[in-house]
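This report refers to the structure that appears directly beneath it.
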2 protein chains.
Amino acid sequence: MINEIPEVVILRLPLYARVLAILDDQGTDVVSSQTLGTMLQATPAQIRKDLSYFGRFGKQGRGYKVSGLLRELRQILGLEKQWSVVLIGVGQLGRAILSYGGFAPQGFHIIAAFDSNPASVGQRVGDLVVRDVKDLETVAGDRQVDIGIVAVPAEACQEVVDLLCQSGVRAILNYAPVQPRTPKGVWVRDIDPVVALQSMTYHLKSLEGRRDTAGGRGRRVAAASS
Amino acid sequence: MINEIPEVVILRLPLYARVLAILDDQGTDVVSSQTLGTMLQATPAQIRKDLSYFGRFGKQGRGYKVSGLLRELRQILGLEKQWSVVLIGVGQLGRAILSYGGFAPQGFHIIAAFDSNPASVGQRVGDLVVRDVKDLETVAGDRQVDIGIVAVPAEACQEVVDLLCQSGVRAILNYAPVQPRTPKGVWVRDIDPVVALQSMTYHLKSLEGRRDTAGGRGRRVAAASS
DNA sequence: TTCTGTGAACGGATTCACAGCA
DNA sequence: TGCTGTGAATCCGTTCACAGAA
């Protein structure tokens with residue numbers, strides 16, 4: 001195994017983990033690449049190949065043990081660890097992110113929220129008090145911060161990202177509609193629902209007006225970051 | 001031009017349009033693939049090649065006229081049209097989506113919101129009254145609905161997506177943490193911030209503890225849908 | 001027999017490199 | 001001279017197909 005693991009493979013692992021968790025909940029204990037492929041809309045060969053980058057998790061003639069494979073993937077992805085996250089930007093979007101219950105159960109803990117607007121600073125939001133973005137480096141000096149979530153307007157994005165990078169953050173989930181530049185070693189995923197919609201309208205456009213065309217076949221594309 | 005246009009190219013066009021809009025606002029009137037490449041963190045060759053699938057928009061020795069290219073891209077992507085959107089699921093996430101001001105200015109108009117919870121049905125949210133999801137087909141029969149945004153729990157996702165497809169919707173922006181199955185001709189983009197985070201932790205894990213490693217160079221990956 | 005793991009073949013996307021136009 | 005447009009070359013990810021383990 002001299003291989004460099006392709007980034008696309010890494011992007012798929014969380015999806016594998018997600019369906020394995022569902023299977024595990026259902027009490028399924030063994031699953032084949034075939035079945036997994038059906039659930040994930042992928043080929044069995046792709047799943048086997050992807051997993052083979054990391055080890056030999058299956059049993060020939062049987063398949064993969066659900067709980068075991070799930071544990072392996074969580075291990076590989078670093079999901080057994082608790083990650084500390086800071087949020088920058090406590091506008092409408094930022095508040096929605098803070099109140100979203102989906103992060104903590106997956107080990108992502110938002111430990112602080114920042115804004116630059118003096119009107120927001122000091123406000124209580126959920127169980128955090130909004131701090132001035134100027135304090136970010138101080139906070140990051142006190143406690144390790146692994147991940148930053150950026151929910152500021154486009155104009156402020158690069159500045160905020162620079163600050164996060166200076167503060168030692170190495171992963172950024174960016175909701176601003178621009179692609180910030182980062183130094184090597186800092187990872188970014190962009191989430192922009194408008195961009196996601198805009199690439200679908202390309203396909204809709206061509207079927208204009210028709211309601212029941214069997215035309216261009218729909219496809220699914222991983223739409224997370226850029 | 002006998003070519004089928006690669007889907008990855010379509011996924012990049014909205015990003016091109018986004019920076020061109022910024023340049024246009026700034027009053028820049030000509031831009032080279034070089035400059036565009038720097039702004040988008042892409043190679044100039046890729047940008048030229050991508051654009052060449054659709055026509056010859058540049059002038060040798062000069063570059064691309066910003067406003068002209070922007071207009072072309074908006075045309076190609078179908079962004080000059082107004083698109084009608086329905087939202088399914090008016091929980092916390094759904095409400096945040098409704099109050100998000102970023103869709104309408106880009107031509108995406110949320111014309112109705114649905115939920116299955118009787119407690120929500122009839123409630124006023126923004127300037128919409130939440131309707132019962134059972135009325136979806138009726139509404140879609142009255143007015144053309146182009147796009148569905150799904151913001152329901154994982155368990156309800158497939159059911160809701162099936163209903164949207166039956167109602168003639170051909171593009172779905174899915175916020176539920178599962179990948180729904182759709183018939184050919186229906187496009188899906190998945191947005192799951194947790195999945196986006198989980199593929200970054202893979203990279204963070206390996207640098208564990210170190211604060212200033214020049215280790216694995218960070219990369220940017222389009223993280224929109226799947 | 002069934003299903004994994006994997007080298008080899010394939011196909012598609014990116015990059016190169018240059019001809020050609022302004 | 002500067003930069004586009006584009007075939008050709010390259011790179012990389014996916015799929016095939018089969019050997020081998022249960």
Side-chain angles (χ1 to χ4, degrees), chain A residues 1-13 15-16 20 23 28-66 68-70 72-73 76 199 216-217 219-222 226, chain B residues 1-13 15-16 20 23 28-66 68-70 72-73 76 199 202 217 219-222 226:
Chain A
M1 198 178 297
I2 340 103
N3 316 4
E4 191 58 30
I5 294 156
E7 184 64 15
V8 268
V9 173
I10 307 302
L11 291 174
R12 283 191 292 262
L13 296 187
L15 304 177
Y16 297 175
L20 286 165
L23 290 170
T28 310
D29 53 86
V30 172
V31 68
S32 66
S33 60
Q34 175 63 249
T35 306
L36 235 25
T38 305
M39 297 183 75
L40 289 156
Q41 291 158 93
T43 64
Q46 177 162 84
I47 289 169
R48 293 200 303 276
K49 172 70 83 171
D50 283 357
L51 296 176
S52 77
Y53 283 108
F54 302 95
R56 299 145 152 268
F57 304 123
K59 276 213 172 21
Q60 279 134 326
R62 295 278 291 148
Y64 301 87
K65 182 147 187 293
V66 172
L69 182 55
L70 176 55
E72 291 283 359
L73 287 180
I76 291 163
S199 64
R217 69 190 216 308
R219 270 189 52 199
R220 182 180 296 277
V221 182
S226 92
Chain B
M1 200 177 299
I2 339 104
N3 317 4
E4 191 57 30
I5 294 156
E7 184 63 16
V8 268
V9 173
I10 306 302
L11 291 174
R12 283 192 291 263
L13 296 186
L15 303 178
Y16 297 175
L20 285 165
L23 290 170
T28 310
D29 52 89
V30 172
V31 68
S32 65
S33 60
Q34 176 61 250
T35 305
L36 234 27
T38 305
M39 296 183 76
L40 289 156
Q41 291 158 94
T43 64
Q46 177 162 82
I47 289 168
R48 293 200 303 275
K49 173 70 82 171
D50 283 357
L51 296 175
S52 76
Y53 283 107
F54 301 95
R56 301 146 151 265
F57 305 123
K59 275 214 172 23
Q60 281 132 325
R62 295 278 291 148
Y64 300 88
K65 183 147 183 294
V66 172
L69 183 55
L70 177 56
E72 292 283 0
L73 288 180
I76 291 163
S199 63
Y202 170 80
R217 67 190 216 308
R219 271 191 51 200
R220 183 180 296 276
V221 182
S226 94

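Chain identifiers are assigned alphabetically (A, B, ...) following the order of the sequence lines, protein sequences preceding nucleic acid strands; residue numbering begins at 1 within each chain.
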Does any part of the side chain of [Y], heavy atoms only, come nearer than 4.5 Å to the side chain of [X], both counted from C-beta?
{"X": "A:Thr28", "Y": "A:Thr35", "answer": "no"}
{"X": "B:Phe54", "Y": "B:Ile5", "answer": "yes"}
{"X": "B:Leu51", "Y": "B:Leu73", "answer": "yes"}

Do you know the tightest heavy-atom contact between [X] and [Y]?
{"X": "A:Ser199", "Y": "B:Leu11", "value": "OG-CD2, 3.6 Å"}
{"X": "B:Ile47", "Y": "B:Ser33", "value": "CD1-O, 4.0 Å"}
{"X": "A:Ile76", "Y": "B:Tyr202", "value": "O-CD1, 3.3 Å"}
{"X": "A:Ala42", "Y": "A:Gln46", "value": "CB-OE1, 3.9 Å"}
{"X": "A:Tyr64", "Y": "A:Phe57", "value": "CD2-C, 3.7 Å"}

Can you measure [X] atom [atom1] to [N] atom [atom2] for me and round it to whole angstrom units?
{"X": "A:Gln60", "N": "C:dT4", "atom1": "CD", "atom2": "C1'", "value": "5 Å"}
{"X": "B:Arg56", "N": "C:dC21", "atom1": "CZ", "atom2": "P", "value": "9 Å"}
{"X": "B:Leu11", "N": "C:dT14", "atom1": "CG", "atom2": "P", "value": "10 Å"}
{"X": "A:Glu7", "N": "D:dT14", "atom1": "CD", "atom2": "P", "value": "12 Å"}
{"X": "B:Lys65", "N": "C:dA22", "atom1": "NZ", "atom2": "P", "value": "17 Å"}
{"X": "A:Arg62", "N": "D:dA22", "atom1": "CZ", "atom2": "P", "value": "12 Å"}
{"X": "B:Leu51", "N": "C:dA13", "atom1": "CG", "atom2": "P", "value": "16 Å"}
{"X": "B:Leu69", "N": "D:dG5", "atom1": "CG", "atom2": "C1'", "value": "14 Å"}

Contacts under 3.5 Å, N or O only, protein and nucleotides 7-11 of chain C:
residue: C:dG7; atom: N7; partner: A:Lys49; partner atom: NZ; Å: 3.4

When you measure from the side chain of [X], which nucleotide among [options] comes out closest?
{"X": "B:Gln46", "options": "D:dT14, C:dT15, D:dT15", "result": "C:dT15"}
{"X": "A:Pro6", "options": "C:dT14, C:dT6, D:dG13", "result": "D:dG13"}
{"X": "A:Ser32", "options": "D:dG2, D:dG13, C:dT4", "result": "C:dT4"}

base_contact_polar (C:dG5 base, A:Arg48 side chain, donor-acceptor, <3.5 Å):
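Under the 3.5 Å cut-off, the side chain and the base do form a donor-acceptor pair.
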
Between [atom1] of [X] and [atom2] of [Y], what distance do you get to the nearest 0.5 Å?
{"X": "B:Thr43", "Y": "B:Arg48", "atom1": "OG1", "atom2": "CZ", "answer": "8.0 Å"}
{"X": "A:Gln34", "Y": "A:Met39", "atom1": "CD", "atom2": "CE", "answer": "13.0 Å"}
{"X": "A:Gln41", "Y": "A:Leu15", "atom1": "CD", "atom2": "CG", "answer": "11.0 Å"}

Of A:Gly61 and A:Asp50, the one whose closest DNA chain C nucleotide lies more 5':
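Result of the comparison: A:Gly61.
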
Phosphate OP1/OP2 of D:dG5 contacted by B:Tyr64 side-chain N/O (<4.0 Å):
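Answer yes for this pair, as a side-chain N or O of B:Tyr64 is under 4.0 Å from OP1 or OP2.
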
Is any side-chain N or O of A:Ser33 closer than 4.0 Å to OP1 or OP2 of C:dT4?
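So the side chain of A:Ser33 is within the cut-off, an N or O lying under 4.0 Å from OP1 or OP2 of C:dT4.
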
Side chain to side chain contact (heavy atoms under 4.5 Å, CB included) between B:Leu36 and B:Leu23, intermediate numbers included:
CA-CA 10 Å; B:Leu36 234 27; B:Leu23 290 170; 3.9 Å; yes

Take the C1' atoms of the five end pairs on each side of the helix from C:dT1-D:dA22 to C:dA22-D:dT1, derive the two axes, and give their angle rounded to 10 degrees.
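One end axis against the other gives 10°.
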
DNA chain C-proximal residues of residues 36-43 of chain B, any heavy atom under 4.0 Å
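The answer is B:Thr43.
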
